[in-house]
Amino acid sequence: MPKMIVSIDGVVIKEVQLTKDRTTLGRRPYNDIVIDNLAVSGEHAVLQMMANDVYLEDLNSTNGTYVNGKAVKKQLLQNNDTVEIGKYKIKYINEAANPGYEKTMIIKAGSIPPAPVTASAAARAEGGTVAASELASLAAAIKVLSGAAAGREVPLVKVVTTIGKPGVAVAAITKRPHGFVVAHVEGANKPTLNGAAIGAEPVTLKNGDLLELAGTQMQFVQV
């Protein structure tokens, strides 16, 4: 189970297990993690847990929220990350996280590397474990219709393929025994499917469906 270890000047002052989908952090006493210091906003940040993944989101705090020394607005936390709020350091421990899941990013924003899709994120999009033999007969691809990669066609050969621009809009296309589904993984700009916004709940893809992520149009093609 993930946990946060709060310390100041190297002295641990509290340890909080993350057991809820939403854990608030701030100076006000009604927060789940209370840090009574003027450098901390009343409602400073929130930790959102999805399966084994924990996202940290700054709630427009006065002094900002930092992860490993970098200011963040919303960030997927990795095991042993250090969150800094004022003089307080909060170490994130999540030994169940597995960042090594296979990924494919077909649209690149400059030289920004693709964002990883963790095994737990894949499980959310997939809705369960799928045997390789059940997936062998499925054949589909994503065809890019606009932008610098227009005309490129990428076969969907992995269990999970991520598409989009890291930090802007990323979606995961997942193979299931009877077809493919798509779900929003990260980014403030939600991708759309045939003009309708896609959320975290997986949506079934049909041959010819049109996807749009960060201004790039794509088509799902199933053979």
Side-chain angles (χ1 to χ4, degrees), residues 48 50-51 53-58 60 67 70-78 97-127 130 135 137-223:
Q48 298 183 61
M50 294 185 287
D53 289 335
V54 174
Y55 287 84
L56 170 70
E57 183 175 1
D58 181 82
N60 297 316
V67 175
K70 285 183 163 186
V72 300
K73 178 60 182 172
K74 187 172 184 179
Q75 173 97 6
L76 171 62
L77 294 177
Q78 304 292 340
N98 176 18
Y101 201 83
E102 281 196 317
K103 69 271 186 186
T104 298
M105 186 67 63
I106 68 167
I107 303 167
K108 297 179 181 178
S111 59
I112 299 175
V117 171
T118 64
S120 54
R124 288 198 306 278
E126 182 184 349
V130 180
L135 302 175
S137 61
L138 296 176
I142 286 292
K143 185 175 182 180
V144 183
L145 303 178
S146 68
R152 185 178 178 188
E153 193 167 305
V154 178
L156 301 175
V157 294
K158 297 178 181 178
V159 174
V160 176
T161 302
T162 58
I163 56 175
K165 294 181 181 179
V168 180
V170 178
I173 297 177
T174 306
K175 275 188 178 185
R176 284 185 172 177
H178 304 295
F180 292 79
V181 296
V182 61
H184 181 215
V185 175
E186 71 166 63
N189 299 322
K190 287 190 176 181
T192 63
L193 175 64
N194 300 324
I198 301 170
E201 272 306 305
V203 180
T204 302
L205 286 168
K206 300 185 295 295
N207 185 37
D209 276 351
L210 295 175
L211 289 159
E212 184 168 336
L213 290 92
T216 301
Q217 295 179 333
M218 291 159 283
Q219 185 173 35
F220 173 75
V221 181
Q222 191 162 10
V223 179

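Each of Leu77, Asp58, Leu76 was compared with Val67 under the side chain to side chain contact (heavy atoms under 4.5 Å, CB included) criterion, and only Leu77 meets it.
Residue pairs meeting the ring-ring contact (aromatic ring centres under 6.0 Å, His included) criterion with at least one member in residues 183-223, sequence neighbours excluded, are Phe180-Phe220.
Atom CZ in Arg152 sits 14.0 Å away from atom NZ in Lys143 (nearest 0.5 Å). With rounding to the nearest 0.5 angstrom, the CD1 atom of Ile142 is 8.5 Å from the OG1 atom of Thr161. Rounding to the nearest 0.5 Å gives a distance of 7.5 Å between CG of Leu213 and OG1 of Thr192.
Side-chain N or O atoms of Ser146 include one that pairs as donor or acceptor with a backbone N or O of Gln217 at under 3.5 Å.
Counting all heavy atoms, side chain and backbone alike, Val182 lies closest to Ala171 at CG2-CB, 4.0 Å. Looking at every heavy atom in both residues, Met218 comes nearest to Val144 through CG-CA, 4.0 Å.
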Name each donor-acceptor pair under 3.5 Å that joins a side chain in residues 194-206 to protein atoms two or more places apart or in another chain, with its distance.
{"from": "Asn194", "atom 1": "OD1", "to": "Leu210", "atom 2": "N", "distance (Å)": "2.8"}
{"from": "Asn194", "atom 1": "ND2", "to": "Asp209", "atom 2": "OD1", "distance (Å)": "3.0"}

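The shortest distance between side-chain heavy atoms of Leu211 and Ile163 falls below 4.5 Å.
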Where do Asp53 and Gln48 land on the side chain to side chain contact (heavy atoms under 4.5 Å, CB included) test, with the steps shown first?
CA-CA 8 Å; Asp53 289 335; Gln48 298 183 61; over 6 Å; no
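Contacts of Lys190 classified as side chain to side chain donor-acceptor pair (under 3.5 Å), with partners at least two apart in sequence or in another chain: none.
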